[in-house]
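Numbering of ligands and ligand atoms starts at 1, following listing order. Quick caveat: nothing in here was measured; it's all calculated off a predicted structure.
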Amino acid sequence: MCGIIGFTGKLQAAEILVGGLEQLEYRGYDSAGIAVNENDQTKIVKTTGKVANLREKVSTADDISGTCGIGHTRWATHGGVTDTNAHPHVSGNVTLIHNGIIENYKELAASLKEKGYFAVSETDTEVAAMLIDSLYTGDPFTALREADKILEGAYGFCVMFKDHPGEIYCMRNASPLVASYTEDGAFIASDMVALLKYTKDYFVVPEEHIVVMTQDAITLYTMDEKVEEPKMLHVDWDTTAAQKGGYAYFMQKEIYDQPEALHNTVMPRLHNGHADFSADNISDDIFKGINRVVVTACGTAMHAGLIGRHLIESMLRIPVTVELSSEFRYMNPILDENTLVIVVTQSGETADSLAALRLANERGAKTISIVNVKGSSIARESDYVLYTHAGPEIAVASTKAFSVQCAGMYLIALKLAEINQMMSEEEMADYCAKFEEAIATVEDVLKMDDYIKGIAEKIKDTFSAFYLGRSLDFGIASEGSLKLKEISYVNSEAYNAGELKHGTISLVTEGVPIIAIATQDHVLSKLMANVEEVKARGAHVIMVTDKDMSAYDGIYDDLIQVPEVDDKFGTFGVTVALQLLAYHVTVFRGYDVDQPRNLAKSVTVE
Ligand code: F6R
């Protein structure tokens with residue numbers, strides 16, 4: 001949510017900033033801007049719309065040379081999408097970009113007014129710039145530290161001070177920042193993908209720290225100005241993983257990345273019929289004596305929790321609740337040391353999920369997170385982390401991250417079973433074999449791409465759609481529906497199939513697509529009875545299943561039949577089919593698949 005980048009060194013900054021913002025655009029694309037400093041001159045170019053607009057404007061701008069600068073791509077929170085509200089913002093000595101939300105900006109704006117500060121934009125960020133300027137008496141560090149005491153909310157800032165040319169001061173409380181130094185100079189960004197062209201080595205700026213970037217060095221400080229040695233990390237995926245690599249969209253590429261992502265996440269952790277977390281340094285103790293599991297997450301990641309719930313409850317008889325992190329943090333949850341809280345997150349930075357994790361830690365629950373981004377806040381603050389190895393996910397709509405999150409749930413379920421002696425050796429070996437078989441079918445589902453595209457074309461003009469599923473399939477349906485609605489803008493909802501006739505069936509009219517998911521034998525006949533009910537009302541029924549549906553000929557209009565797997569593992573193949581369906585509907589409708597309106601990846605504000 002908002003992408004920020006800064007560079008100071010030997011190279012021209014403008015190209016580094018604009019190029020970096022192109023990589024960060026998935027974090028927000030309402031407006032973009034850069035500020036480049038040369039000697040005592042700071043030039044700003046900013047504009048509404050995507051980074052392409054900024055690139056165009058920079059290419060025709062008067063001299064924008066300089067080797068120190070900051071850049072921002074915005075997901076609007078306070079104030080509309082206008083040039084004036086675009087970052088960077090300037091106040092007196094200060095030029096600043098910001099990711100996050102300043103919650104007390106109204107009070108601050110009122111008190112700063114008395115000191116003669118008047119905002120020109122409607123943003124909370126400009127108030128932060130004014131505050132820092134008002135506290136500035138020549139020492140940037142002190143001004144930032146004092147501002148940190150006053151500001152409430154979440155922030156990652158990069159700040160240039162007029163009388164400190166060639167230097168960038170960055171401060172983080174909650175919003176993520178990563179930094180690096182190479183022989184070309186010092187770099188900082190919200191996400192490593194922006195810096196991959198220049199380096200694969202980096203450090204995560206810890207919360208409540210300040211980074212000072214000069215042309216010759218980068219230094220990490222605690223708030224009381226002590227130098228701290230940064231903990232260096234290395235990007236271990238290929239840099240081409242963050243490129244489209246010949247695919248039309250990142251989402252399409254990421255759908256196709258799934259066999260590898262699943263293989264990398266699952267196979268190193270299955271050994272001789274056991275889940276092996278030794279390379280993850282996850283102690284078995286965390287799974288001992290657990291009498292309750294709470295999964296907390298947002299959006300797609302929450303749907304992985306629904307899959308986990310079904311699995312753990314049906315297989316292990318341990319009660320599981322799945323809580324949206326945005327609610328969990330305010331519902332005074334009942335947690336104790338026998339509760340295992342699983343936080344699921346691709347970015348590891350989702351503000352609500354981070355707050356939920358902190359609450360769980362505070363209340364003494366055991367915490368484990370399933371995270372894709374290494375070194376992210378949630379990974380660092382959980383008792384243990386099970387990393388998913390999906391590589392970077394750039395498209396705003398999550399695809400491969402969901403599949404590997406589900407895989408993480410299947411691994412944890414197996415581990416829980418083993419530690420609490422709930423499955424025999426034979427059952428565990430059988431589970432592992434079937435798990436492997438299921439993830440291998442994803443390759444075959446990808447081969448159905450053109451066929452699924454043909455079905456997508458039939459429903460491309462619909463206004464609404466409904467996804468139906470029972471038991472495990474409700475989780476799959478929920479994710480399939482979110483995928484369709486968020487990128488194609490089709491008004492889509494997922495329902496437990498039996499629930500439709502308690503109200504929503506009144507919306508089913510001639511031709512409305514009903515996508516029915518059927519991977520669970522024990523509820524198949526019940527599901528099909530519900531399908532008959534909608535068919536009788538003229539729905540266009542698309543069955544998505546791994547079952548032989550010949551007994552139900554005539555009840556459905558289209559059939560997407562993926563390779564059959566054990567019912568427990570129905571998630572993987574069908575999920576990929578639904579992702580392809582959503583993708584193709586969106587392409588037919590002519591929308592930008594990777595950057596749907598109003599959305600941003602990595603929601604670092606509440
Ligand atoms: C939808 C999507 C979102 C995220 C949600 C949580 O396609 O990507 O619903 O799943 O914002 O994000 P993470 O997983 O980063 O916590």
Side-chain angles (χ1 to χ4, degrees), residues 1-3 26-28 75 174-176 190-191 193 249-252 254-255 258 261 295-308 322-329 342-358 369-382 385-388 390-409 467 475-476 478-490 492 494 575-576 578-579 581-583 586 591-606:
M1 185 149 288
C2 292
Y26 68 89
R27 300 179 72 91
W75 186 81
S175 312
S190 328
D191 185 328
V193 290
Y249 288 97
F250 277 110
M251 181 181 176
Q252 187 186 30
E254 289 160 8
I255 291 173
Q258 287 177 109
V295 185
T296 184
C298 303
T300 286
M302 188 276 286
H303 297 152
L306 296 179
I307 302 293
V322 181
E323 309 291 356
L324 288 168
S325 303
S326 52
E327 293 295 317
F328 181 76
R329 59 187 297 195
I342 308 177
V343 184
V344 189
T345 170
Q346 189 284 127
S347 62
E349 301 291 351
T350 300
D352 286 321
S353 300
L354 180 57
L357 169 67
R358 286 178 176 163
S369 54
I370 299 177
V371 183
N372 196 42
V373 176
K374 291 234 170 80
S376 53
S377 303
I378 292 175
R380 289 199 314 274
E381 294 190 29
S382 311
V385 53
L386 186 73
Y387 279 116
T388 51
E393 191 178 67
I394 307 292
V396 165
S398 195
T399 52
K400 61 179 176 176
F402 175 72
S403 289
V404 292
Q405 285 162 355
C406 293
M409 284 291 173
Y467 285 67
I476 303 175
S478 301
E479 176 54 14
S481 170
L482 176 61
K483 229 53 336 158
L484 182 72
K485 83 175 121 190
E486 69 178 324
I487 58 174
S488 73
Y489 315 140
V490 170
S492 165
T575 290
V576 174
L578 295 179
Q579 292 167 350
L581 187 69
Y583 170 80
T586 308
Y591 295 121
D592 183 338
V593 174
D594 286 339
Q595 297 182 341
R597 68 180 171 226
N598 302 339
L599 287 174
K601 208 165 179 76
S602 190
V603 182
T604 51
V605 295
E606 226 187 297

**Message:** Testing the 3.5 Å rule here: is there a donor-acceptor pair between the side chains of E393 and S398?
**Reply:**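 A pair is found: one side chain offers a donor N or O, the other an acceptor, under 3.5 Å apart.
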**Request:** Say whether S492 and K483, considering side chains only, have a donor N or O and an acceptor N or O under 3.5 Å apart.
**Result:**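 Result is no, nothing qualifies.
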**Request:** Please answer whether the main-chain N or O of V371 pairs with a side-chain N or O of S369 as donor and acceptor at a distance below 3.5 Å.
**Result:**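 No, S369 side chain to V371 backbone: no donor-acceptor pair under 3.5 Å.
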**Prompt:** Which residues pass the side chain to side chain donor-acceptor pair (under 3.5 Å) test with T575, sequence neighbours left out?
**Reply:** none
**With sequence neighbours excluded, residues passing side chain to side chain donor-acceptor pair (under 3.5 Å) with D191** =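 If we apply the side chain to side chain donor-acceptor pair (under 3.5 Å) test to D191, skipping adjacent residues, the hits are Y26.
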**Asked** Under the salt bridge (charged side-chain N to carboxylate O under 4.0 Å, His left out) rule, what pairs show up with a residue in residues 396-408, not counting sequence neighbours?
**Response** D257-K400
Per-pair distances, ligand 1 N/O vs protein N/O, less than 3.5 Å:
| residue | atom | partner | partner atom | Å |
| --- | --- | --- | --- | --- |
| ligand 1 | 7 (O) | T300 | OG1 | 3.3 |
| ligand 1 | 7 (O) | S398 | N | 2.9 |
| ligand 1 | 7 (O) | K483 | NZ | 2.8 |
| ligand 1 | 7 (O) | E486 | OE1 | 3.2 |
| ligand 1 | 7 (O) | E486 | OE2 | 2.5 |
| ligand 1 | 8 (O) | V396 | O | 3.4 |
| ligand 1 | 9 (O) | T300 | N | 3.1 |
| ligand 1 | 10 (O) | T300 | N | 3.2 |
| ligand 1 | 12 (O) | T350 | OG1 | 3.4 |
| ligand 1 | 14 (O) | Q346 | N | 2.6 |
| ligand 1 | 15 (O) | T345 | OG1 | 3.4 |
| ligand 1 | 15 (O) | S347 | N | 2.9 |
| ligand 1 | 15 (O) | S347 | OG | 2.6 |
| ligand 1 | 15 (O) | T350 | OG1 | 3.3 |
| ligand 1 | 16 (O) | T345 | OG1 | 2.7 |
| ligand 1 | 16 (O) | T350 | OG1 | 2.5 |

